[in-house]
Every structure is written in structure tokens, then in C-alpha cells.
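Please read these numbers as outputs of a predicted model, since none were measured by experiment.
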Amino acid sequence: MQKKRYPQIGLHIMDSHRHGNYRVERTVLNEERLEEVTHRKDYNETHPSLTKNSCSVPRLKRCALSGFPVLYWLPKYSLWDYGMPDLISGISVGIMHLPQGMAYALLASLPPVFGLYSSLYPPLIYLFFGTSRHISIGTFTVLSIMVGSVTETLAPDTAFIINNGTNMTTEVNNTARDLYRVQVAAATTVLSGLIQVVLGMVKFGFVGTYLAEPLVRAYTTAAAVHAVIGQIKYIFGISPTRFSGPLSLVYTFGHICSLLPQTHLPTLVVSAVSILCLVAAKELNAFLRPKLPVPIPVELITIVSATLISSYTHLSSNYTIPVVGEIPSGLSSPCMPDVSLFRQVIGDAFALAIVGYAISISLGKTFALKHGYKVDSNQDFLNALLSVRLCLEVLYRKMASLASAVIVLVTIMKLGPLFQELPKAVLASIVLVNLKSMFKQCSDIVTLWRRSKIDLMIWLVTLVSTLLLNLDMGLAASIAFALLSVIFRTQMPTYSILGNIQGTEIYVDIETHDQAREIPGITIFHSSATVYFANADLYLEALKEKSGLDISKMILYKRRQEAKQRRRERRAERRAKRQAKKEKRRAQRAAEQLAGAPVFSVEEEARGWRDVCVNNISGENEEQKITERENGTVFVMPTTPRTPDGQCRWEYLKGGGDPENMSLGWLSELQEGDTTTLGSSSEDTLSQDLEKVSLGSLGKWTWDIHSIILDLSSANFIDTVAIKTVRNIFQDFSEIDVDIYLAGCQTSVVTQLEKGGFFSGSITKQQLFVTVHDAVLFCHNNHGARTFTQYEPFLVCN
């Protein structure tokens, strides 16, 4: 058996400045030939069974280091190199945790001391189990707001109203309310931590990738608006009703506006002075940052100053300004959360787990990329089990978390009661000033308008949905819209016809590149997205439009022509039979005439058989020998009497006009199913006219495409619907003698084609090529050189 010879590719690359000259020659490679050359492994060899993974000491060591990252970095920690920087960093972060912890506890509608607890336990846990070296776990604005929405929904002020027996008025039982809110917050955060642990164990870390940067930035901006609405009551000294459900933010804001005339002026003055001092101090801090070794603890200075002023001026008793109140010293004994609340907070807990993880892992990966180490997204899902909220700050090393935890611990044990006279308006002011950076994210609208309209739509939909539907439902709606935008972009990709750049093996879109030239007789079709069930039909329609071949109409036309040809053959067969019978009758008549039979003239026979063979013909003009057909182009007259089998012979004249100048032919009676029973020359003319009309309806008189190459280099997978569509393309175009080839398929796509039963006796791997250029040269070799060489002076096909 003679081995099939493949054409050669010769590529001459010239660059005299940097690379020199190169020439690469190889045979054209289709998938079958590629597997022979590369010895591709079987699927079972590249995807071993899980049962074959035996337990070994190295594997056990990797599992231990993955579960407890502290065992990896602690032995390598250099106290001499990083001890002092980590100590300074830990002290500065610990000082920052004190005011922000108490301030963000107000966002969660909890007593301020629980903000300190949230700044103590989470950094210690992350120290042992976390993989990022530059984040510290503590309080965070967005998660504080999310917890606060849960606590105020399940424990509103209206549920703890008691009657005052002294003056017969009603008041809120703050002690009972705060106790129940702590239980709700504990149940929510513990359940959130359990969800993170489960997701981490099942390697669900990839879920964070669905939270795109525009979505996260818009979500945090909307959360900042929720925070502002939640802190306004402390700024103005009013007590608005907290609504829940969709549009709750709108209703709450409307109620706040109605209560503005009741603003407590001393509280508003304290808030205004605090905000002005904080803004001025932060601006000064930003200006002096390059010259300072550590940032100035603006928030700590503010709360210390406010506490001293409030203690010596008795703001709480003299001006009824709300203060923090009792802060117990020491650590509370641990206790189990109320499990019965899990059912009510499971949706909020899941949203809290996803958002907290997404924010921490995104910043962790940013610092890891900057400093050259890896963050395990699945391992970080196992953290923050005891964390109420998150706070992310830059540290030098993870040991700084230990120093900051010590600062918070000392405050809780000994210094907590000193902040009892701190006005809540000061803490609310700290929250509002710290939200400035989140509101600056509104400038993303201008940036995204210039860069990507789809990302802008994601940003706006996330903002609006989070504002109107609250944080949990807003997050779900935002993720759903982001995924729909991806589906929409893959469902409506860019389809193009590729052309060759002269002298290269590069193929680009001929509509966007002036130097690209389409290969004569070959159409190269490219899609910018993978082909799957959502865009398979659109892929086929785009192929028809771009190639100019409406395959459906062309197949229908071909089948009609085949049906016509079959009818012509049947008519020719019947004519042959009738001609044989006619010759037989002529022979019989000749024999009868020789025997003395009477001779019949054509005119007499026509007058005699006119009423027998032709229906509804007027007998007024008996001398007329020629009868005109309805189209005015054919005249017929009977020439033979009706035979016993019902047949009679008619002569006809073609051309219309003068009968003397008409051509003579013959026509038998119409048989059942015959549409045109004219002579052969007439049939050929009619067939050509029909062919021209049919091709004209297709937009082309003829087509010169002999090959279509489907470039699947952008496909990373292919499903059964797409496999069926591509198979139908092969079958349909083969009916009009157009060959189909695939090019640029990845190995995974080839494997899926094999499993999907795509290859058969008519479709083989010889029709699947490594590159588009391989497929072009193969088509060029099979269908002749034509004018291809003028576009490929350096590409040789042997």
C-alpha cells in the first residue's frame, strides 16, 4: 500500500535587526498525522483514577503543610530581619483596630466591645491557618453592615419596648435587645464560618472568581450608602424605624428625612466637629506620609480626645448625648450560639461567607503577586470561623498580627472601661470619614464608560440592585446579571472570514485588515467564542451569511433539480415506448396501404377527429386546420387517428406568429403527472431558465467555493449540541460538493469529538488540521494551484 504524501510547508521569516533569518519546513499535519508523530497519550493515561493515588509520606507532608501553613513559614521566619518591622506594624495596626472595632460594631448594631472581640480572635486564627502574609482579619465595613441588617431585622427595637411605670411611657429595653442581637450575630457569623469550612473542604474556592472587580467595587459602594443611612441616626441624634425587605433603604431614608426637624443639636455639633477634625487630620497624614515612619493614629487620637472631653464636661448627663456605656473588662466566657436561629439566617450567612472570602482573597492575591508567593484560595475558605467581620490591612509579616492582637487584648482586659463616656456620634463620624474611599469608586462610571460598556452595566446593575434589594438579594442579582453578561457575550460572538497576509502563515479578519486577502476557492470561517448549545444555531446562520451560501435553499434547489431530472428520465422512457408503438403502427399502415387500404389525408383526419381528441373546441370554422395553445407559442393538430389503446398523434408548430415559419415537431397526449411534454430542445431551454431563476434567488448565479475551513482555535470545549451542528455542516455542504475541514482544535476538543461520536467513515481525522495554514495548503494541493501562489510567495506546496 502506497503511503499518502502530504504537501510541504516552507516558511521564510526575515528580521535583520534582532532575530536573523529562519526557514522552517515540515509536512502538512492533520490530526491523524499529528497523533502518529507525537504519540498522543490515551485519556486514561493523562487522567489517572483516584483509586491509584496511594498514600505516601511526601503526600502526607503536603497535606499537613496545606492545612497548617504556619508549619511552612514559621521555621523560615527570621526574627532578626523581620522582628522590629513586624512589631512596629503590629502596634500601629492594633491601635487602628481599637477605634475602628468599636465604630464598626455600631454598623452591626452591637455593643462596641464586640468590635474589639472581632479584632482579637480572627487575627490569631488566621495566623495559623491563613496563607496570605499581608492581611489581618478584623472588622470591615461591608460585612459589618451585612451583619447589622440581619440583627436589626430579627431583633428590631419595636420588639423590646417596655412600659415605664414611673411616668407611664414606653422605652426600649436596650439590655435585652443587645443580648438578643449578639445571639443573632453569633449565629450568623458561626454559620458563615461553617459554610466557609465546607466550601474549602470541597475545593469551592473558584467561586470567588465570579465576583468580578466591577461587581465588588459597585457592591462596596452600595454598602457604603447603607452604612451612611445606618449611621445618620447617631449623627443627628434621631431614632428612625429600620425597615427590612426590598426598598427598605428607600423607606428608611424617607423616615429619616421626616425626623430631621427633631435633630438633637448637641449631638449634631459633636458629629460635625469630629468629622472636620478627622478629615483635616487625614489630609495632613496623607501629606506627611512620605516623611513619617508610621501613619499618625488619627482615629485613636480622636476617640481619646472625645472621651476626655465627654468625661470632664459630662456630655451624657448635661446634654443627653448618647455614649458608648458600660464596657466590661476581661474576656467573656465562650458559649455555643443559638442553633435554632440557623434556619432564619442561613441565606445571610451564605452571602456573608462569599463576600468575606471574595474581599480577603482578592486583596491577598494582590499582595501575593506583588511579593512573590502563592495564596491558596481553598485554604483561605477554612478561616474566619470565629470572625464577625473582616478588616484588611497591609502588614510586613504575619507575626505582626500577633502584636496587634496583644494590643487589642490589653485594651479589652484593662483599658475598655475608660471608653465608657465616648459619644456614639464620634464613632459614627469615624465610620463616615472612612467611607470616603468607597464613595470615590463612583469615578469608575467614567472610566468604564470609556473602556467597557458591559462592565459599566454590571457596575450600575450591582449598585442599583444592592440599594433597592438590600445586600443579600442585591448580591445574588448582581452575580446573576454578571453571569448572564458572560453568556450573552459567548452567545453573540464576532464571526469573521479570515484572509492571508502575503508571504506569511498568518490569517486575520479581511474586514478589519486591508492587507488580508481571501484565498480563491477557500473560505476560512472563524468564531471569537467557543461553540456550544447556546450559540450553535447562530454559528450555522453566521456561516451561511459570511460564506454567501444559503445551504438550506441550495439543498432544496438541488433536490428539486434531481426530482426534475427523474421526471425527465421517466418522460423520455415513456416517449421511447410511444415512439416504438408509433413505428409499429406505421409499419402496419404501410402494409395495409400496400394491400390496397384507403389513404387518409391529414386535413380529413383532422376534421374527423377534432371533436373526439380535443374538448371544448368550437366547430364554427371548419376550414381552420391549426389550433392555437393558450400560450400563443405552440400550434397543434391531429395527424393520426385514435388508436384502440386511446393514443393519437398530434403535430405542433413552435415559435408563434406565422405558422409557415414555425418548426415542426410532435407531441403525445399528456400523461398523468407530466408538466412539460414538449420536445427535447424545449425541455433543455426550460430547464436552463429554471436553473437561472433558482440560482438568482440564492444571490449567486454560480459559486466557486470548493472548501470551507472552520477555525476552532478559540474553542476550549464542545458539547453534544455543537458536535451535532458541525456534523450536519459536513453532511449538508457535501451535498453541494463543498468540502469542510476543521483547524486549530485543542487536544481537549479533539477528545470530546471522539467521545461524542463525531468521527465516522465519512468524517475522519484527516479532515482536522493542526493549523489553518495546514488546512489551506491541503485544499490548495487537492484542488490545484489556481491563483494561490500570488498571495503566498514564501509558502511552498509540494
Parallel, tilted or perpendicular: rings of Y741 and F778 (30°, 60°): perpendicular
Y495 ring center near H526 ring center (under 6.0 Å): no
Search all heavy atoms of L191 against all heavy atoms of F342 and return the closest pair with its distance. CD2-O, 3.7 Å
With sequence neighbours excluded, residues passing side-chain hydrogen bond (donor to acceptor under 3.5 Å, both in side chains) with T220: Q441
Nearest 0.5 angstrom please: L463 CG to L215 CG, how far? 11.0 Å
Are side-chain heavy atoms of P214 and T462 found at a separation under 4.5 Å? no
For the residue pair K546 and F525, would you count it as a cation-pi contact if the rule is NZ or CZ under 6.0 angstrom from the ring centre and within 45 degrees of the ring axis? no
How long is the span from the OG atom in S734 to the CD1 atom in I763, to the nearest 0.5 Å? 8.5 Å
Say you draw a straight line from OG1 of T771 to OH of Y507; how long is it, rounded to the nearest 0.5 Å? 8.0 Å
Quick one, L549 and F733 - any side-chain contact, counting heavy atoms below 4.5 Å? yes
Check whether any side-chain N or O of N470 sits under 3.5 Å from a backbone N or O of P246 as a donor-acceptor pair, and report yes or no. no
Step-by-step side-chain contact (heavy atoms from CB on, under 4.5 Å) determination, I524 to I522: CA-CA 7 Å; I524 307 171; I522 302 175; 4.2 Å; yes
Hey, could you give me the OG/NE2 distance between S149 and H226, rounded to the nearest 0.5 Å? 8.5 Å
Would you say the side-chain atoms of Q767 pair up with the backbone N or O of T764, donor to acceptor, closer than 3.5 Å? yes
Would a 4.5 Å heavy-atom cut-off, applied to side chains only, mark E754 and K765 as touching? yes
Got a second to check how far Q746's CD is from I718's CD1, nearest 0.5 Å? 11.5 Å
Got a sec: does the CD of E213 have more than 12 other heavy atoms crowding it under 6.0 Å? no
Compare all side-chain heavy atoms of F769 with those of E31 and state whether any distance is below 4.5 angstrom. no
Is the shortest side-chain heavy-atom distance between Y532 and V721 below 4.5 Å? no
Minimum heavy-atom distance between I709 and V772, given as atom pair plus value: CD1-O, 4.3 Å
Identify the two heavy atoms, one from D509 and one from L498, that lie closest to each other, and give their separation to 0.1 Å. N-CD2, 3.8 Å
Sequence neighbours excluded, the answer for salt bridge (charged side-chain N to carboxylate O under 4.0 Å, His left out) partners of R489 is none
Please report the shortest heavy-atom distance between S547 and I708, naming the atom on each side. CB-CD1, 4.5 Å
Below 4.5 Å, heavy atoms only, C-beta onward: do L710 and Y539 meet side chain to side chain? yes
Evaluate whether atom CE of M473 has more than 12 neighbouring non-hydrogen atoms of other residues, nucleotides or ligands under 6.0 angstrom away. yes
For residues F758 and F730, establish whether the separation of their ring centroids is below 6.0 Å. yes
Quick one: does any side-chain atom of T530 pair with a main-chain N or O of A715 as donor and acceptor, under 3.5 Å? no
Take V776 and N500 through the side-chain contact (heavy atoms from CB on, under 4.5 Å) test and state the conclusion after the steps. CA-CA 10 Å; V776 169; N500 177 253; over 6 Å; no
I'd like to check L467 versus V225 (side-chain heavy atoms, cut-off strictly below 4.5 Å). Are they in contact? yes
Under the side-chain hydrogen bond (donor to acceptor under 3.5 Å, both in side chains) test, which residues partner K544, sequence neighbours left out? S552
Does a side-chain N-to-carboxylate-O contact under 4.0 Å join D774 and R26? yes
Would you indicate whether E562, at its atom CD, is surrounded by more than 12 heavy atoms from other residues, nucleotides or ligands within a distance under 6.0 Å? yes
What's the shortest heavy-atom distance between T490 and N535, and which atoms? O-ND2, 2.8 Å
Search all heavy atoms of A536 against all heavy atoms of A722 and return the closest pair with its distance. CB-CA, 4.5 Å
Would S465 and S478 count as having a side-chain donor-acceptor pair, cut-off 3.5 Å? yes
Pair L471-L475, side-chain contact (heavy atoms from CB on, under 4.5 Å): steps then yes or no: CA-CA 6 Å; L471 295 172; L475 177 63; over 6 Å; no
When you look at I445 and W459, which way does the side-chain contact (heavy atoms from CB on, under 4.5 Å) test go after all the steps? CA-CA 8 Å; I445 297 177; W459 199 98; 3.7 Å; yes
d(S707 OG, D737 CG) to nearest 0.5 Å is 11.0 Å
So with a 6.0 Å cut-off around CG of N728, is the heavy-atom count from everything else above 12? yes
Should the pair E36-R33 be classified as a salt bridge under the 4.0 Å nitrogen-to-oxygen rule? yes
Would you mind reporting whether I458 and S485 have side-chain heavy atoms less than 4.5 Å apart? yes
Got a sec: does the CZ of F717 have more than 12 other heavy atoms crowding it under 6.0 Å? yes
Residue I497 excluded, over 12 heavy atoms near CD1 under 6.0 Å: yes
